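Structure record follows, encoded as structure tokens.
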Amino acid sequence: MKSSELRQAFLSFFESKQHQIVESSSLVPGNDPTLLFTNAGMVQFKDVFLGADKRPYTRATTSQRCVRAGGKHNDLENVGYTARHHTFFEMLGNFSFGDYFKDDAISYAWEFLTGVLGLPKDKLLVTVYEEDDEAFAIWKDKIGVPEEKIIRIGDNKGARYASDNFWAMGDTGPCGPCTEVFYDHGEHIWGGPPGSPEEDGDRFIEIWNVVFMQYNRSADGTMANLPKPSVDTGMGLERIAAILQGVHSNYEIDLFQNLIKASAAAVGTEDLSSQSLRVIADHIRSCSFMIVDGVVPSNEGRGYVLRRIIRRAVRHGNKLGQTQPFFHKLVAALDAEMGDAYPELRKLADRVASILLKEEEQFAKTLDQGMRILEEAISNLGDSKTIPGETIFKLYDTYGFPADLTNDVAREAGLEIDEAGFEAAMDEQRARARSASNFSMDMSGSVSVDGQTEFTGYKHLEGYSPVEQILVDGESVDALQEGQKGLVILEKTPFYGESGGQVGDQGWFRGPAAVKVSNTTKQGKVHLHHVEVREGTLKVGDVVTTEVDKSLRNATALNHSATHLLHEALRRVLGDHVLQKGSLNDPERLRFDFSHFEGMTPAELEQVEDIVNEQIRLNHETVTEIMDIEAAKSKGAHALFGEKYEAEVRVLTMGSEYSIELCGGTHVKRTGDIGLFKIVQESGIAAGVRRIEAVTGKAAIDVTRQTDASLSQIAGLFKASKDSALDKVVALNDQARALQKEIDQLKSKLAAQAGADLASQAEDIDGGKLLVAQVEIDDPKGLRDLLDELKSKLESAVILLAAVNDDKVSLIAGVTKELTSKVKAGDLIKMAAPYVDGRGGGRPDMAQAGGSKPEGVAEVLAVVPDWVKERV
């Protein structure tokens, strides 16, 4: 039975049982903010179960599009590596809204499976929640399932109702006990029945889950009875299709086989068994239907999940040798498979392909460079089997590599990733994001002030003013004595109060006392001078001479003006989507945060630098105007992030309308005053927010000199000129790569030779060979390569190898397919590992362990043969 025929057969069967056929809802839940994507058939009926929505029917059946690739329900990492995990799948379901309950729900399931589909009854077994005696009795007494094939599953996850047979859509909402139907693929497949230690094997596969919706769980864990007991069922279309079509993997069903063939043609390979083709075929389904339902690639929420999946597919195509955009071409093949069932896909196919193509082209710009960095990091791991968190973060932050994509590459290389280190780097980024638009200084306590300070600092850096108010810890005082700190309010001031991303001025008050001004902030329209009396006494009513630190103000002005030039340059290079998200301009540097979806390339950064420096060399006059806000908007002025503007605003124009901004800050008189602009860093601080840090004037010259000095040192090491230093470094790097390649080739030859020598030492056992040996290999990959070589040479064998390096023990076990029913590599390793004070595990065909007791290797070599022979 084809997948399309199965889908229709299910819907028709329940239509004959008076169920209303309801179209699949969107992948974006319309009535549930707690879900990232629709992950089950019941999502669109949640309010019906709660009694908040009334439908003209009490029975329904659907084939629901589902995605599990983000949030709590996330299968992304398993896709391509298992037989039944997908990012996108179809859930066949039937629902009762206070109509029928356990008796009919179980009867319908059994009738469809054994009657309509003709599945052998002896191939089916069922599970029930341990306390659900009613469901147990229906299966046993009415349906006639033998008692030994009805398995009770209790609270096996450490809490009340925390059971595989107590279903809940999320932490809150409708829930209840469930009963599941499993299909037995036969003894030749490894695995045990549900509830057994081997339940994760592939022999017994769940095909239908019938949930008896009885409760609504609130956030505090309280279970309230639903208005009417209801039924929610789910059967994966892909799983049941695999059984009906006589195949073991979902990827072997007709629907996937056609998509895999189309994927192979698109990437240019003839190897239809490639895991990468499975990934691509799966991902075209989820990506296309997400776009159909209104999701577009982005760096936040659902859009970021979509972007991750697209990039994972593209990376697998690249792995197969396809460097040109290909993924978008598969939309046509998907339409051929699913367009009849889902007309919305056919209607929007061109738009879907267009969005995928754009995303492919965007990712292609950084994929090669990112992969080179990752491969280089892997080659430099040495004996470590873990990719550092800082590497994973750099790939994510700079090249748009999601961590799960890096994890894919690591898994293929037999490595792990430092998730904790990556999360620590992400936490640091989130902390930066939280402060991205908050650059305010300490105000030395909360104060409440009214009035307005006249600001004279646009034209003058010196002046005089009476002291109007002095505050200490928020309270007004009459005077500040020598050594005391406080806040001083003047009638008028040339000191700029921190705002608009520009730091406050520093300087001095002179007069009856010598007073150091360490910062100036604003509260409303009042300037607060943060001061310390260095000599004498400062009193309310004293007239002071005000002196702004000219060098600090001028250096800050260079950076602030350069920020405006930078903003416009970014818009010209990256696009009009660039918006300012925060800034900091102080005497030492400028920091500019802006909206953009990926890390900037070196070429883009260079182009931005060139544009800004060109505007500096043109030495445009900086023009400021006061006008009403509407006139400013008509002039094309951009408002700065976080600023509140009144009816009249200050408009700053630089360079024949090159840059027009609303800004109250202080600036250079001409752009040439900036001298030089140099970007020192570009990074990500939040989803969709990038940060550029740069220097100007003398600081930019200093950075250039430091770079030149470093280049001179490098050239000196190679006894070369600065002009030829790069060629020397490249040549040395090429030589190192060539030597490493030669080393790897020699290791492979040695492993092959060792394999040949070791193979001759194997002894005969029932069904094949047994080889137990200690080897001289100093890296995990070499040990795995040797195991693969031996399995190939011996064909049918049980193998255990031990290696000792620096007082550390490595054990690896391999069992060829013919013998895994008798001996499992994971069991062998678990038995052997304690002898070397180690632990480990793995699959039936391959398992590994590490230990710290070299003297235990001899015991391992002695006990393994008898242990194996007892089992064969």
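Values in this document were obtained by computation on a predicted structure and should not be read as measured data.
- In this structure, the side chain of Glu90 does not engage the main chain of Leu237 through any donor-acceptor pair within 3.5 Å.
- Here ring pair (Phe, Tyr, Trp, His ring centres under 6.0 Å) pairs that include residues 252-275, with residues two or more places apart or in two chains, are His86-Phe256, Tyr251-Phe256.
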Name every donor-acceptor pair, under 3.5 Å, that has one atom in a side chain of residues 568-575 and the other anywhere in the protein, sequence neighbours excluded.
residue: Glu568; atom: OE2; partner: Arg572; partner atom: NE; Å: 3.1
residue: Arg571; atom: NH1; partner: Asp576; partner atom: O; Å: 3.4
residue: Arg571; atom: NH1; partner: Val578; partner atom: O; Å: 3.0

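- Under the 3.5 Å distance criterion, the side-chain polar atoms of Asn613 are matched with a main-chain donor or acceptor of Phe677.
- In this structure, Gln322 has no side chain to side chain donor-acceptor pair (under 3.5 Å) partners at least two apart in sequence or on a different chain.
- Put simply, the side chain of Arg311 never gets that close to the backbone of Phe363: no donor and acceptor are under 3.5 Å apart.
- When the side chain to side chain contact (heavy atoms under 4.5 Å, CB included) test is applied to Met91, the partners found at least two apart in sequence or on another chain are Cys66, Phe89.
- Taking a 6.0 Å sphere around CG of Asp350, one finds it holds 12 or fewer heavy atoms contributed by other residues, nucleotides or ligands.
- Remark: Glu359 engages Arg307 in a side chain to side chain donor-acceptor pair (under 3.5 Å) (not counting sequence neighbours).
- Of the possible donor and acceptor atoms, none in the side chain of Asp335 sits under 3.5 Å from a partner among the backbone N and O of Leu345.
- Here Tyr658 pairs with nothing under the side chain to side chain donor-acceptor pair (under 3.5 Å) rule; sequence neighbours left out.
- Glu238 pairs by the salt bridge (charged side-chain N to carboxylate O under 4.0 Å, His left out) definition with Arg285, not counting sequence neighbours.
- In this structure, Thr386 has no side chain to side chain donor-acceptor pair (under 3.5 Å) partners at least two apart in sequence or on a different chain.
- Looking at Arg68, its side chain does come within 3.5 Å of a backbone N or O of Asn39 through a donor-acceptor pair.
- For the side chain to side chain contact (heavy atoms under 4.5 Å, CB included) test, residues two or more places apart in sequence or in another chain that qualify with Ala377 are Thr391.
- Shown here are the side chain to side chain contact (heavy atoms under 4.5 Å, CB included) partners of Ser26, two or more places apart in sequence or in another chain: Val28, Asp293.
- Lys329 meets the salt bridge (charged side-chain N to carboxylate O under 4.0 Å, His left out) test with no other residue; sequence neighbours excluded.
- Here Ile21 pairs with Leu11, Glu15, Thr61 under the side chain to side chain contact (heavy atoms under 4.5 Å, CB included) rule; sequence neighbours left out.
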